[in-house]
Number of protein chains: 2
Amino acid sequence: MVIVRRTKQRQAILNKILSAEGPLSVSQIHGRASEELPRLGIATVYRTIKTLREEGEIVSVELPGEEAHYESAGRGHHHHFRCWSCEQVFDLGVCPVGIPSGTTLPGGYRVEEHNLTLYGRCSSCVAT
Amino acid sequence: MVIVRRTKQRQAILNKILSAEGPLSVSQIHGRASEELPRLGIATVYRTIKTLREEGEIVSVELPGEEAHYESAGRGHHHHFRCWSCEQVFDLGVCPVGIPSGTTLPGGYRVEEHNLTLYGRCSSCVAT
DNA sequence: CGTTTTCTGATATTAGTTTATCATTCGTTG
DNA sequence: CAACGAATGATAAACTAATATCAGAAAACG
(Lines give C-alpha, C1' and ligand atoms only; values in the text may rest on other atoms or scores of the structure.)
Protein backbone atom coordinates (compact mmCIF):
# COMPACT_ATOMS: atom_id res chain seq x y z
CA MET A 1 0.00 0.00 0.00
CA VAL A 2 1.21 3.42 -0.87
CA ILE A 3 0.23 6.49 1.09
CA VAL A 4 0.01 9.40 -1.29
CA ARG A 5 -0.19 13.06 -0.40
CA ARG A 6 -1.32 15.78 -2.75
CA THR A 7 1.89 17.67 -3.26
CA LYS A 8 2.58 20.31 -5.87
CA GLN A 9 5.39 18.15 -7.22
CA ARG A 10 3.24 15.09 -7.72
CA GLN A 11 0.47 17.09 -9.34
CA ALA A 12 2.85 18.85 -11.71
CA ILE A 13 4.57 15.63 -12.73
CA LEU A 14 1.35 13.74 -13.31
CA ASN A 15 -0.15 16.67 -15.18
CA LYS A 16 2.78 16.89 -17.56
CA ILE A 17 2.61 13.19 -18.33
CA LEU A 18 -1.15 13.11 -18.82
CA SER A 19 -1.25 16.19 -21.02
CA ALA A 20 1.69 15.20 -23.22
CA GLU A 21 1.20 14.33 -26.86
CA GLY A 22 3.23 11.17 -26.37
CA PRO A 23 5.50 9.39 -23.91
CA LEU A 24 8.10 11.52 -22.11
CA SER A 25 11.54 10.67 -20.84
CA VAL A 26 12.54 11.37 -17.25
CA SER A 27 14.54 14.41 -18.25
CA GLN A 28 11.66 15.71 -20.35
CA ILE A 29 9.27 15.32 -17.42
CA HIS A 30 11.75 17.06 -15.16
CA GLY A 31 12.23 19.86 -17.65
CA ARG A 32 8.54 20.51 -18.20
CA ALA A 33 7.56 20.25 -14.54
CA SER A 34 10.45 22.51 -13.59
CA GLU A 35 8.80 25.33 -15.51
CA GLU A 36 6.26 25.66 -12.73
CA LEU A 37 8.41 24.26 -9.91
CA PRO A 38 11.93 25.54 -10.55
CA ARG A 39 13.44 23.78 -7.54
CA LEU A 40 12.07 20.36 -8.48
CA GLY A 41 14.68 17.67 -7.87
CA ILE A 42 15.34 14.83 -10.28
CA ALA A 43 15.03 12.31 -7.45
CA THR A 44 11.46 13.41 -6.88
CA VAL A 45 10.70 12.77 -10.52
CA TYR A 46 12.07 9.22 -10.30
CA ARG A 47 10.23 8.56 -7.04
CA THR A 48 6.94 9.92 -8.33
CA ILE A 49 7.19 7.95 -11.55
CA LYS A 50 7.71 4.81 -9.49
CA THR A 51 4.62 5.36 -7.36
CA LEU A 52 2.50 6.43 -10.32
CA ARG A 53 3.41 3.18 -12.03
CA GLU A 54 2.58 1.17 -8.92
CA GLU A 55 -0.78 2.88 -8.78
CA GLY A 56 -1.40 2.09 -12.43
CA GLU A 57 -1.77 5.70 -13.51
CA ILE A 58 1.12 5.64 -15.97
CA VAL A 59 2.96 2.98 -17.93
CA SER A 60 6.48 2.75 -19.27
CA VAL A 61 7.13 2.86 -22.99
CA GLU A 62 10.23 1.22 -24.37
CA LEU A 63 11.66 2.70 -27.55
CA PRO A 64 14.55 1.13 -29.47
CA GLY A 65 17.89 2.36 -28.22
CA GLU A 66 16.45 4.90 -25.78
CA GLU A 67 15.80 5.30 -22.08
CA ALA A 68 12.36 4.50 -20.76
CA HIS A 69 9.55 6.91 -21.53
CA TYR A 70 6.29 7.23 -19.60
CA GLU A 71 2.75 8.00 -20.61
CA SER A 72 -0.80 7.83 -19.33
CA ALA A 73 -2.13 4.32 -18.77
CA GLY A 74 -5.32 3.26 -20.44
CA ARG A 75 -4.68 4.75 -23.82
CA GLY A 76 -5.18 1.31 -25.28
CA HIS A 77 -3.18 -0.41 -27.98
CA HIS A 78 -1.27 2.11 -30.01
CA HIS A 79 2.20 2.84 -31.37
CA HIS A 80 4.65 5.71 -31.53
CA PHE A 81 6.20 8.04 -34.03
CA ARG A 82 9.58 9.62 -33.45
CA CYS A 83 10.46 12.79 -35.36
CA TRP A 84 14.03 12.94 -36.61
CA SER A 85 14.00 16.74 -36.49
CA CYS A 86 12.44 17.79 -33.20
CA GLU A 87 13.15 14.39 -31.63
CA GLN A 88 9.77 14.26 -30.00
CA VAL A 89 7.72 11.09 -29.67
CA PHE A 90 4.04 11.13 -30.56
CA ASP A 91 1.20 8.69 -29.98
CA LEU A 92 -0.39 7.26 -33.09
CA GLY A 93 -3.92 6.00 -33.45
CA VAL A 94 -3.15 3.49 -36.16
CA CYS A 95 -1.84 -0.07 -35.86
CA PRO A 96 -0.55 -1.14 -39.25
CA VAL A 97 0.68 -4.53 -38.01
CA GLY A 98 -1.23 -7.32 -39.66
CA ILE A 99 -0.54 -9.99 -37.06
CA PRO A 100 -3.34 -10.80 -34.61
CA SER A 101 -2.32 -12.11 -31.21
CA GLY A 102 -2.01 -15.89 -31.32
CA THR A 103 -0.74 -16.02 -34.89
CA THR A 104 1.96 -18.58 -35.62
CA LEU A 105 4.49 -17.46 -38.17
CA PRO A 106 6.58 -19.62 -40.52
CA GLY A 107 9.26 -21.06 -38.30
CA GLY A 108 6.82 -21.75 -35.50
CA TYR A 109 6.97 -18.38 -33.80
CA ARG A 110 3.80 -17.87 -31.79
CA VAL A 111 3.22 -14.12 -31.67
CA GLU A 112 1.45 -12.66 -28.64
CA GLU A 113 2.56 -9.04 -28.70
CA HIS A 114 4.34 -6.46 -30.80
CA ASN A 115 6.17 -3.19 -30.42
CA LEU A 116 6.31 -0.80 -33.35
CA THR A 117 8.02 2.55 -33.68
CA LEU A 118 7.75 4.70 -36.79
CA TYR A 119 10.37 7.26 -37.77
CA GLY A 120 10.31 10.32 -39.97
CA ARG A 121 9.25 13.94 -39.64
CA CYS A 122 6.22 15.34 -37.87
CA SER A 123 3.89 17.80 -39.56
CA SER A 124 5.42 20.95 -38.09
CA CYS A 125 8.94 19.82 -39.01
CA VAL A 126 7.87 18.88 -42.53
CA ALA A 127 6.39 22.37 -42.93
CA THR A 128 9.65 24.16 -42.16
CA MET B 1 42.15 1.21 -38.02
CA VAL B 2 42.91 0.43 -41.64
CA ILE B 3 45.09 -2.62 -41.20
CA VAL B 4 43.28 -5.65 -39.87
CA ARG B 5 45.02 -8.82 -38.83
CA ARG B 6 43.46 -12.24 -39.00
CA THR B 7 43.45 -13.15 -35.35
CA LYS B 8 41.70 -16.08 -33.74
CA GLN B 9 39.66 -13.67 -31.66
CA ARG B 10 38.39 -11.68 -34.62
CA GLN B 11 37.54 -14.81 -36.57
CA ALA B 12 35.68 -16.36 -33.65
CA ILE B 13 33.69 -13.19 -32.93
CA LEU B 14 32.73 -12.63 -36.56
CA ASN B 15 31.87 -16.29 -37.01
CA LYS B 16 29.51 -16.30 -34.03
CA ILE B 17 27.71 -13.20 -35.27
CA LEU B 18 27.40 -14.41 -38.87
CA SER B 19 26.19 -17.88 -37.91
CA ALA B 20 23.66 -16.71 -35.34
CA GLU B 21 19.93 -17.11 -35.90
CA GLY B 22 19.42 -13.49 -34.95
CA PRO B 23 21.16 -10.48 -33.42
CA LEU B 24 23.38 -11.10 -30.40
CA SER B 25 24.19 -8.91 -27.43
CA VAL B 26 27.79 -8.20 -26.44
CA SER B 27 27.61 -10.65 -23.56
CA GLN B 28 26.11 -13.30 -25.82
CA ILE B 29 28.89 -12.83 -28.33
CA HIS B 30 31.45 -13.02 -25.56
CA GLY B 31 29.84 -16.13 -24.13
CA ARG B 32 29.69 -17.99 -27.43
CA ALA B 33 33.15 -17.01 -28.61
CA SER B 34 34.59 -17.90 -25.21
CA GLU B 35 33.63 -21.53 -25.84
CA GLU B 36 36.50 -21.79 -28.29
CA LEU B 37 38.69 -19.06 -26.80
CA PRO B 38 38.30 -19.33 -23.02
CA ARG B 39 40.60 -16.41 -22.26
CA LEU B 40 38.78 -13.98 -24.57
CA GLY B 41 38.44 -10.58 -22.92
CA ILE B 42 35.31 -8.47 -23.06
CA ALA B 43 37.30 -5.46 -24.25
CA THR B 44 38.32 -7.40 -27.32
CA VAL B 45 34.69 -8.09 -28.08
CA TYR B 46 33.81 -4.40 -27.87
CA ARG B 47 36.84 -3.43 -29.97
CA THR B 48 36.15 -6.04 -32.62
CA ILE B 49 32.48 -5.10 -32.84
CA LYS B 50 33.52 -1.50 -33.40
CA THR B 51 35.88 -2.34 -36.27
CA LEU B 52 33.44 -4.80 -37.83
CA ARG B 53 30.81 -2.06 -37.86
CA GLU B 54 33.24 0.42 -39.40
CA GLU B 55 34.03 -2.13 -42.08
CA GLY B 56 30.34 -2.65 -42.77
CA GLU B 57 30.35 -6.34 -41.95
CA ILE B 58 27.86 -6.12 -39.13
CA VAL B 59 25.13 -3.69 -38.06
CA SER B 60 23.64 -2.81 -34.72
CA VAL B 61 20.07 -3.78 -33.90
CA GLU B 62 18.13 -1.75 -31.36
CA LEU B 63 15.46 -3.60 -29.42
CA PRO B 64 13.04 -1.86 -27.05
CA GLY B 65 14.45 -1.63 -23.56
CA GLU B 66 17.60 -3.64 -24.31
CA GLU B 67 21.27 -3.09 -24.96
CA ALA B 68 22.46 -3.04 -28.54
CA HIS B 69 22.56 -6.31 -30.43
CA TYR B 70 24.63 -7.04 -33.53
CA GLU B 71 24.04 -9.09 -36.63
CA SER B 72 25.35 -9.65 -40.12
CA ALA B 73 24.94 -6.71 -42.47
CA GLY B 74 23.16 -7.17 -45.74
CA ARG B 75 20.31 -9.30 -44.52
CA GLY B 76 17.96 -6.71 -45.96
CA HIS B 77 14.80 -5.31 -44.45
CA HIS B 78 13.48 -7.62 -41.76
CA HIS B 79 12.26 -7.66 -38.18
CA HIS B 80 12.84 -9.60 -34.99
CA PHE B 81 11.07 -11.99 -32.70
CA ARG B 82 11.92 -12.24 -29.02
CA CYS B 83 10.99 -15.43 -27.16
CA TRP B 84 9.67 -14.82 -23.65
CA SER B 85 10.90 -18.25 -22.53
CA CYS B 86 14.41 -18.73 -23.88
CA GLU B 87 14.89 -14.97 -24.27
CA GLN B 88 16.57 -15.38 -27.62
CA VAL B 89 16.05 -13.03 -30.54
CA PHE B 90 15.37 -14.43 -34.01
CA ASP B 91 15.34 -12.91 -37.46
CA LEU B 92 12.03 -12.98 -39.26
CA GLY B 93 11.46 -12.98 -42.99
CA VAL B 94 8.11 -11.25 -42.88
CA CYS B 95 7.31 -7.55 -42.71
CA PRO B 96 3.69 -7.15 -41.62
CA VAL B 97 3.82 -3.35 -41.51
CA GLY B 98 1.51 -1.85 -44.10
CA ILE B 99 3.16 1.55 -44.32
CA PRO B 100 5.40 2.17 -47.36
CA SER B 101 8.19 4.69 -46.95
CA GLY B 102 6.92 8.17 -47.74
CA THR B 103 3.43 7.60 -46.39
CA THR B 104 1.85 10.50 -44.54
CA LEU B 105 -0.37 9.45 -41.65
CA PRO B 106 -3.34 11.36 -40.19
CA GLY B 107 -1.77 14.12 -38.13
CA GLY B 108 0.81 14.84 -40.80
CA TYR B 109 3.42 12.32 -39.75
CA ARG B 110 5.64 11.55 -42.72
CA VAL B 111 6.90 8.00 -42.19
CA GLU B 112 10.30 7.05 -43.59
CA GLU B 113 11.29 4.07 -41.49
CA HIS B 114 9.96 1.63 -38.93
CA ASN B 115 11.21 -0.70 -36.24
CA LEU B 116 9.11 -3.72 -35.26
CA THR B 117 9.71 -6.34 -32.61
CA LEU B 118 7.38 -9.28 -32.09
CA TYR B 119 7.08 -11.11 -28.78
CA GLY B 120 5.87 -14.58 -27.83
CA ARG B 121 7.29 -18.07 -27.75
CA CYS B 122 9.53 -19.72 -30.31
CA SER B 123 8.75 -23.15 -31.75
CA SER B 124 10.98 -25.12 -29.39
CA CYS B 125 9.62 -23.30 -26.34
CA VAL B 126 6.03 -23.81 -27.48
CA ALA B 127 6.75 -27.52 -27.84
CA THR B 128 7.87 -27.97 -24.25
C1' DC C 1 64.24 -16.19 -38.20
C1' DG C 2 63.89 -11.60 -36.45
C1' DT C 3 61.99 -7.13 -36.47
C1' DT C 4 58.04 -4.34 -36.54
C1' DT C 5 53.67 -3.05 -35.18
C1' DT C 6 49.03 -4.39 -34.37
C1' DC C 7 46.18 -6.85 -31.28
C1' DT C 8 45.03 -8.82 -26.85
C1' DG C 9 43.68 -9.18 -21.92
C1' DA C 10 43.30 -7.27 -17.40
C1' DT C 11 42.06 -3.44 -15.34
C1' DA C 12 40.93 1.37 -14.68
C1' DT C 13 38.16 4.95 -16.11
C1' DT C 14 34.34 7.42 -18.00
C1' DA C 15 29.53 8.22 -18.76
C1' DG C 16 24.68 7.70 -17.98
C1' DT C 17 20.78 6.10 -15.44
C1' DT C 18 18.55 4.85 -11.28
C1' DT C 19 18.33 4.19 -6.30
C1' DA C 20 19.68 5.24 -1.31
C1' DT C 21 20.49 8.42 2.39
C1' DC C 22 19.11 12.02 5.45
C1' DA C 23 18.08 16.50 7.28
C1' DT C 24 14.42 19.55 6.29
C1' DT C 25 9.91 20.86 4.51
C1' DC C 26 5.21 20.54 4.40
C1' DG C 27 0.59 17.96 3.89
C1' DT C 28 -2.65 15.86 6.83
C1' DT C 29 -5.36 15.02 10.76
C1' DG C 30 -7.40 15.71 15.23
C1' DC D 1 -2.80 25.19 15.45
C1' DA D 2 0.13 21.57 16.93
C1' DA D 3 2.36 17.43 15.96
C1' DC D 4 3.16 13.38 13.38
C1' DG D 5 5.13 11.41 9.50
C1' DA D 6 5.36 11.21 4.48
C1' DA D 7 7.51 13.88 0.73
C1' DT D 8 11.19 16.73 -0.92
C1' DG D 9 15.85 18.20 -2.51
C1' DA D 10 20.73 17.73 -2.53
C1' DT D 11 23.99 14.52 -2.78
C1' DA D 12 26.21 10.14 -2.53
C1' DA D 13 26.23 5.67 -4.07
C1' DA D 14 25.21 1.71 -6.96
C1' DC D 15 24.85 -0.28 -11.63
C1' DT D 16 25.53 -0.97 -16.22
C1' DA D 17 27.56 -0.10 -20.62
C1' DA D 18 31.34 1.36 -23.17
C1' DT D 19 35.99 3.23 -23.75
C1' DA D 20 41.03 4.09 -22.38
C1' DT D 21 45.46 2.44 -20.80
C1' DC D 22 49.46 -0.36 -21.17
C1' DA D 23 52.60 -4.26 -20.83
C1' DG D 24 52.98 -8.39 -23.21
C1' DA D 25 51.56 -11.64 -27.03
C1' DA D 26 51.41 -12.65 -31.71
C1' DA D 27 50.46 -11.61 -36.75
C1' DA D 28 52.81 -9.92 -40.91
C1' DC D 29 56.65 -9.56 -43.86
C1' DG D 30 61.25 -9.10 -45.60
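Below, read A as the first sequence line, B as the second, and so on, with proteins coming before strands; counting in each chain starts at 1.
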Trainee: What is the distance, rounded to the nearest whole Å, between atom CD of E67(B) and atom P of dT17(C)?
Mentor: 16 Å

Trainee: I'd like to know if R10(A) reaches the base of dG27(C) with its side chain such that a donor and an acceptor end up less than 3.5 angstrom apart.
Mentor: no

Trainee: With a 4.5 Å cut-off on side-chain heavy atoms, are H79(B) and V94(B) touching?
Mentor: no

Trainee: State whether the side chain of R82(A) and the backbone N or O of E87(A) hold a donor-acceptor pair below 3.5 Å, judged by distance alone.
Mentor: yes

Trainee: What integer distance in Å separates I49(B):CD1 from dC7(C):P?
Mentor: 16 Å

Trainee: Within the 4.0 Å heavy-atom criterion, would you say R39(A) contacts the bases, only the backbone, or no part of the nucleic acid?
Mentor: sugar-phosphate

Trainee: In whole Å, what is the span from the CG atom of L40(B) to the C1' atom of dA10(C)?
Mentor: 12 Å

Trainee: Kindly say if T7(A) contacts the phosphate of dT8(D), meaning a side-chain N or O under 4.0 Å from OP1 or OP2.
Mentor: yes

Trainee: Just how far, in rounded Å, is P of dT25(C) from CZ of R6(A)?
Mentor: 23 Å

Trainee: Looking at every strand, decide which applies to I42(B) at a 4.0 Å heavy-atom threshold: base, sugar-phosphate, or nothing.
Mentor: nothing

Trainee: Quick one: the side chain of R5(B) and the base of dT6(C), do they pair up donor-acceptor inside 3.5 Å?
Mentor: yes

Trainee: With side chains defined as the heavy atoms from C-beta onward, is the minimum distance between V26(A) and E67(A) less than 4.5 Å?
Mentor: no

Trainee: I want to verify a distance call: between dC7(C), dA10(C), dG9(D), whose nearest atom is closest to the V4(B) side chain?
Mentor: dC7(C)

Trainee: Just compare dA17(D), dA26(D), dG27(C) and give me whichever is closest to any side-chain atom of Y46(B).
Mentor: dA17(D)

Trainee: Which of the following nucleotides, dG27(C), dT17(C), dT8(D), is nearest to the side chain of K8(A)?
Mentor: dG27(C)

Trainee: Tell me the interatomic distance from L37(B), atom CG, to dC7(C), atom P, rounded to whole angstroms.
Mentor: 16 Å

Trainee: Check the orientation of Y119(B) and W84(B). Use parallel for under 30°, tilted for 30 to 60°, and perpendicular for over 60°.
Mentor: parallel

Trainee: What is the distance, to the nearest angstrom, from the CD atom on E62(A) to the P atom on dT18(C)?
Mentor: 9 Å

Trainee: Nearest whole angstrom, please: distance from the C1' of dT19(C) to the CZ of R53(A).
Mentor: 14 Å

Trainee: Mind calculating the distance between CZ (R47(A)) and C1' (dC22(C)) to the nearest angstrom?
Mentor: 11 Å

Trainee: With the side chain of Q9(B) defined as its heavy atoms from C-beta on, choose the nearest nucleotide among dT8(C), dT17(C), dA10(D).
Mentor: dT8(C)

Trainee: Do the side chains of H77(A) and C95(A) get nearer than 4.5 Å, heavy atoms only?
Mentor: yes

